[in-house]
Amino acid sequence: MARFVDARLADAHELVPRLEGPFDFVFIDADKDWYTRYAQAVLPRLVKGGCLTAHNVSPRRGRWQMTGGFYEYVSGLPTWTPRSSPECW
């Protein structure tokens with residue numbers, strides 16, 4: 001897996017904006033109120049056709065409020081179609 005996965009242990013507030021990319025897959029599972037900031041930091045470096053995945057995000061009221069406006073942010077991106085997995089709600 002080390003050839004495909006770059007896992008780092010650090011303060012994500014400092015590390016994520018410094019990551020160079022490009023990325024083909026990004027998984028966000030950190031402090032929920034920073035989800036939007038993490039996405040804003042990595043999306044410019046996500047390859048066309050790449051995947052951004054975030055844990056504990058749902059369009060249901062309550063769940064999306066915990067993630068600092070993340071669902072609204074990605075829903076408003078003109079080239080993105082957010083999808084959620086209903087069985088996880």
Side-chain angles (χ1 to χ4, degrees):
M1 292 277 290
R3 293 185 319 156
F4 305 104
V5 176
D6 180 1
R8 300 180 190 200
L9 180 60
D11 182 334
H13 299 164
E14 297 172 9
L15 176 66
V16 171
R18 293 192 332 248
L19 295 173
E20 293 182 17
F23 309 114
D24 54 5
F25 181 84
V26 174
F27 178 65
I28 300 174
D29 185 16
D31 48 328
K32 308 298 182 223
D33 58 333
W34 271 67
Y35 271 30
T36 301
R37 292 179 194 152
Y38 297 136
Q40 290 168 335
V42 299
L43 284 176
R45 296 180 286 262
L46 191 66
V47 299
K48 184 176 181 176
C51 179
L52 174 71
T53 303
H55 188 244
N56 286 336
V57 175
S58 164
R60 283 191 351 189
R61 188 158 188 79
R63 294 284 298 263
W64 55 261
Q65 290 174 323
M66 298 185 321
T67 56
F70 174 79
Y71 189 83
E72 292 84 356
Y73 172 71
V74 294
S75 295
L77 295 172
T79 58
W80 282 75
T81 304
R83 297 182 186 155
S84 59
S85 180
E87 61 271 6
C88 297
W89 298 353

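- A heavy-atom distance below 4.5 Å is not found between the side chains of W34 and V16.
- From Y73, atom OH reaches atom CZ of R37 across 12.5 Å, with rounding to the nearest 0.5 Å.
- Interatomic distance, C51 SG to F23 CZ, rounded to the nearest 0.5 Å: 13.5 Å.
- Between F4 and D24, every side-chain heavy-atom pair lies at or beyond the 4.5 Å cut-off.
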Verdict with reasoning, K32 to D29, per salt bridge (Lys or Arg N to Asp or Glu O under 4.0 Å):
CA-CA 8 Å; K32 308 298 182 223; D29 185 16; 3.2 Å; yes
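- Rounding to the nearest 0.5 angstrom, the gap separating the CD1 atom in I28 from the OG1 atom in T36 is 8.5 Å.
- Contact record, A12 with P17: O-CD, 3.8 Å, taken as the closest heavy-atom pair.
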Verify side-chain contact (heavy atoms from CB on, under 4.5 Å) between D31 and Y38, making sure each step is shown before the conclusion.
CA-CA 10 Å; D31 48 328; Y38 297 136; 2.5 Å; yes
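- When all heavy atoms are compared, the tightest approach of D6 to R8 is OD2-NH2, 2.8 Å.
- When the side chains of ILVMFWY residues are joined at heavy-atom separations under 4.5 Å, either directly or via intervening members, Y35 and L15 end up in a single hydrophobic cluster.
- Side-chain contact check for F27 versus F25: some heavy-atom pair is nearer than 4.5 Å.
- Taken from CG in L77 to CD in E72, the straight-line distance is 11.5 Å, to the nearest 0.5 Å.
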May I have the list of side-chain donor-acceptor pairs in residues 41-48 shorter than 3.5 Å, sequence neighbours left out?
from: R45; atom 1: NE; to: L19; atom 2: O; distance (Å): 2.9
from: R45; atom 1: NH2; to: L19; atom 2: O; distance (Å): 3.4
from: R45; atom 1: NH2; to: A41; atom 2: O; distance (Å): 2.4

